[in-house]
Amino acid sequence: MLAEPIGGGFKMKLLEYVFNRVPVAALTACASGLPESVSGEMLLEPELDRLMQRVIAEIDDLPALNRRQEHAFTAAEHAFDWRERGRMLRDAIAERRSAAARGAGTPKPDYGALESAPQPGKA
């Protein structure tokens, strides 16, 4: 269970739990920015009292919790493909270096490859 509403965006702890195949219960604010395919498999509530009530109500349903963690893992595995992101970053850096070596001066950054990549949580 994660109840740390401080700061913006999702908490990296959530992905650590998901990738370690742990069912997740958290405040909704803690999952802000996660793809719906991942956060939809978590027990999320906007308020701590409601989150605690939901955990108490669902904690003994091991098959359901296991399904949730399996689905969250599969969704996160596809949404956060670090190898592909690394390749795109490498290519963007190589492109910039190549332009500078050709004497193009200081090229305007072209992040087209990164911008055209699928964005987790965005349609």
Inset, instruction - May I ask you to check whether over 12 heavy atoms, not counting those of R97, lie within 6.0 Å of atom CZ? - result: no
Inset, instruction - Look at the side-chain heavy atoms of Ile, Leu, Val, Met, Phe, Trp and Tyr, link any pair under 4.5 Å apart, and say whether Y17 and F73 land in one connected group. - result: yes
Legend entry - Side-chain H-bond candidate by donor/acceptor type, E70 with N66, under 3.5 Å: yes
Legend entry - Separation between CG of D91 and CZ of R87, rounded to the nearest 0.5 Å: 9.0 Å
Inset, instruction - Return the minimal non-hydrogen interatomic distance between S39 and L44, and the atom names on each side. - result: O-CD1, 3.6 Å
Inset, instruction - Measure the spacing between CD of E41 and NE2 of H71 and express it to the nearest 0.5 Å. - result: 6.0 Å
Inset, instruction - Grab the two heavy atoms, one from L48 and one from A3, that are nearest each other, plus how far apart they are. - result: CD1-CB, 3.9 Å
Legend entry - Listed partners of E4 passing salt bridge (Lys or Arg N to Asp or Glu O under 4.0 Å), at least two apart: K13
Inset, instruction - Compare all side-chain heavy atoms of L2 with those of V24 and state whether any distance is below 4.5 angstrom. - result: no
Legend entry - Note, V18 side chain near M42 side chain (heavy atom, < 4.5 Å): yes
Legend entry - Within one Ile-Leu-Val-Met-Phe-Trp-Tyr cluster: V55 and L27, side-chain cutoff 4.5 Å: yes
Legend entry - Joint hydrophobic cluster, I59 plus L51, side-chain heavy atoms closer than 4.5 Å: yes
Legend entry - I56-L65 co-clustered via ILVMFWY side chain contacts under 4.5 Å: no
Inset, instruction - Taking all non-hydrogen atoms of both residues into account, name the closest pair between L43 and E58 and its distance. - result: CD2-OE1, 3.1 Å
Legend entry - For C30 against P5, the heavy-atom pair lying closest together: SG-N, 4.1 Å
Inset, instruction - Look up atom CD in Q53 and atom CD in E47, then write down how far apart they are to the nearest 0.5 Å. - result: 9.5 Å
